[in-house]
Amino acid sequence: MQIPANLSLRQLRYFAEAAELGQFSQAARKLHVSQSVITTAVAQLETMLGLRLFDRMPHGVALTAEGHRFHQHVRHVLDTLQDALSEPTLLANALTGTVRVGASYTVLGYFLPSLLARFKRSYPLVEIDLIDMDRAEIERGVTDGALDLGLCIISNMVEPYVLRRQALIRSRRQLWIAESHPLAQLPTIGPADVAPYPYIMLKVDEGEASAMRYWHSVGHAPNVAFRTSSLEALRGLVAYGFGVSILSDMVYRPWSLDGRRIDVRTLEVAVPPMEVGLVWRSDAPLSAPAHALHQFLVFACDG
């Protein structure tokens with residue numbers, strides 16, 4: 001397909017923000033434009049492509065399968081452009097060395113790979129020694145000096161904080177349900193509505209402890225039917241209607257491995273977002289390669 005002459009980067013950015021926030025109104029507020037500007041940009045893209053990119057829901061929008069694939073390409077285009085604009089100021093080719101990084105399961109699987117690929121394009125001579133660890137191991141490794149940086153779900157950390165920490169992204173948590181689930185018919189959904197239904201609990205990255213903090217705060221308890229360390233198993237169980245779950249947008253995909261649809265709904269009582277971030281020692285300076293990775297991640301996630 002030839003690139004349409006009236007396609008603009010602004011349209012792509014508007015689409016990407018709407019896809020990542022799940023609401024045209026939120027995207028408009030973040031980009032300081034009216035909601036009609038976002039709506040028009042998305043409609044123009046759908047007309048150009050001949051595809052429906054979003055399913056319109058009562059309380060927001062969700063990417064279609066085609067929209068999800070298009071969003072992956074658009075995100076790559078926008079990220080590559082941002083890297084190209086920033087690279088002249090980075091003195092990238094002059095830097096060598098190794099960065100020792102510990103990262104947790106969710107961060108490794110759903111957040112870090114594309115960012116590390118972008119970092120390597122800017123800093124080709126910097127080696128990254130990446131280790132899969134849980135949050136407690138990461139904190140010990142950074143404290144002991146075995147790691148330069150840690151990347152984990154910092155919203156799971158507890159006070160007092162020994163290490164410095166910085167949030168990179170805050171990922172909204174929503175209810176995952178099958179298309180045919182009875183909850184899908186409700187105009188609004190609260191914790192009391194969800195509690196009676198079978199609940200699929202994700203165990204990785206302290207998922208159960210995090211979920212139970214929310215349930216305790218709202219005075220209800222989930223009806224846990226199954227616990228799993230596999231996100232794909234959870235997707236399949238939710239998609240077939242065996243249960244529901246509350247998880248972050250960062251790990252959301254609108255279908256299971258066999259192509260069954262998974263819908264999301266925002267709960268009436270908001271669930272605290274999942275915060276992914278960096279941790280490092282406050283009593284020792286970062287090496288030049290570690291500082292470069294730190295600054296790159298902060299800049300890339302802020303952009």
Side-chain angles (χ1 to χ4, degrees), residues 19-23 54-65 67-68 104-111 134-135 152-153 155-156 170-276:
E20 288 153 24
L21 293 172
Q23 288 188 335
F54 289 103
D55 286 327
R56 277 66 173 177
M57 308 292 188
H59 303 286
V61 293
L63 288 168
T64 62
H68 182 73
S104 64
Y105 170 88
T106 306
V107 174
L108 275 173
Y110 297 90
F111 174 71
D134 64 33
R135 179 183 60 81
C152 59
I153 301 175
S155 47
N156 288 337
R170 292 176 175 84
S171 181
R172 175 183 54 178
R173 287 183 168 110
Q174 297 191 92
L175 178 70
W176 294 17
I177 55 176
E179 280 187 298
S180 57
H181 197 280
L183 288 172
Q185 310 307 314
L186 299 181
T188 60
I189 304 172
D193 301 313
V194 178
Y197 289 98
Y199 190 92
I200 314 299
M201 184 70 76
L202 186 67
K203 298 192 297 181
V204 296
D205 263 339
E206 303 167 274
E208 184 161 4
S210 175
M212 292 311 297
R213 281 196 298 271
Y214 169 75
W215 284 102
H216 288 153
S217 74
V218 296
H220 293 281
N223 177 20
V224 179
F226 190 70
R227 290 174 170 85
T228 180
S229 298
S230 168
L231 262 168
E232 296 309 328
L234 183 146
R235 279 189 239 278
L237 290 166
V238 170
Y240 275 96
F242 288 108
V244 302
S245 195
I246 297 172
L247 290 169
S248 84
D249 287 353
M250 191 179 83
V251 299
Y252 173 69
R253 304 290 182 270
W255 56 85
S256 64
L257 281 176
D258 58 357
R260 294 185 71 89
R261 178 80 189 187
I262 301 166
D263 282 345
V264 289
R265 295 289 188 276
T266 302
L267 287 172
E268 234 179 351
V269 182
V271 188
M274 181 179 76
E275 292 188 344
V276 173

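Keep in mind that what you see is a predicted model, and the values were worked out from it rather than measured.
A salt bridge is defined here as a Lys NZ or Arg NE, NH1 or NH2 lying under 4.0 Å from an Asp or Glu carboxylate O, and Asp193 with Arg265 fails to meet this definition. Salt bridge Glu208/Lys203: absent, no basic N to carboxylate O contact under 4.0 Å.
Listed here is the closest heavy atom pair of Ser155 and Arg213: O-NH2, 3.9 Å. Heavy-atom minimum distance, Gly67 versus Thr64: N-OG1, 2.9 Å. Pairing each heavy atom of Met201 with each of Pro222, the nearest pair is CE-CG, 4.3 Å. Of all heavy-atom pairs spanning Cys152 and Ser104, the tightest one is CA-OG, 3.6 Å. Here the shortest heavy-atom pairing between Arg261 and Ala65 reads NH1-N, 4.5 Å.
Atoms CD and CG, on Glu206 and Asp134 in that order, are 7.5 Å from each other to the nearest 0.5 Å. Distance check, rounded to the nearest 0.5 Å: OG1 of Thr106 to CZ of Arg135 gives 12.5 Å. Distance check: Ile177 CD1 to Ile246 CD1 gives 11.0 Å after rounding to the nearest 0.5 Å. Rounded to the nearest 0.5 angstrom, Ser180 OG and Arg260 CZ are separated by 7.0 Å. Here the CD-CG distance, from Glu232 to Leu234, works out to 9.5 Å after rounding to the nearest 0.5 Å. Atom CE of Met212 and atom OG of Ser217 lie 10.5 Å apart (nearest 0.5 Å).
When side chains are defined from C-beta on, Phe111 does not count as touching Ile153, because their heavy atoms never get closer than 4.5 Å. Within the 4.5 Å cutoff, side-chain heavy atoms of Asp249 are placed close to those of Gln174. Side-chain atoms of Pro273 and Arg172, non-hydrogen and from C-beta on, never get closer than 4.5 Å to each other. The side-chain heavy atoms of Trp176 and Ile200, taken from C-beta on, include no pair separated by under 4.5 Å. The side-chain heavy atoms of Arg253 and Tyr110, taken from C-beta on, include a pair separated by under 4.5 Å. Looking at heavy atoms from C-beta onward, Asp263 lies out of side-chain contact with Asp55 at the 4.5 angstrom threshold. Side-chain contact check for Ile262 versus Trp255: every heavy-atom pair is 4.5 Å or farther apart. Using a 4.5 Å heavy-atom threshold, the side chains of Ser210 and Asn156 count as touching.
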* **Test side-chain contact (heavy atoms from CB on, under 4.5 Å) applied to Leu202 and Val251, step by step** => CA-CA 12 Å; Leu202 186 67; Val251 299; 5.8 Å; no

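Side chain of Ser248 to main chain of Ser171: no donor-acceptor pair is present (N/O by atom type, distance under 3.5 Å, no hydrogens or angles). Looking at Asn223, its side chain does come within 3.5 Å of a backbone N or O of Pro196 through a donor-acceptor pair. No donor-acceptor pair closer than 3.5 Å links the side chain of Ser256 to the backbone N or O of Gly236. Between the side chain of Arg173 and the main chain of Pro272, a donor-acceptor pair closer than 3.5 Å is present. Tyr199 contributes no side-chain N or O that, together with a main-chain N or O of Val194, makes up a donor-acceptor pair within less than 3.5 Å.
The side chain to side chain contact (heavy atoms under 4.5 Å, CB included) check on Val269 picks up Pro191, Tyr214, Val218, with sequence neighbours excluded. Under the ring pair (Phe, Tyr, Trp, His ring centres under 6.0 Å) criterion, Tyr197 pairs with His181, sequence neighbours left out.
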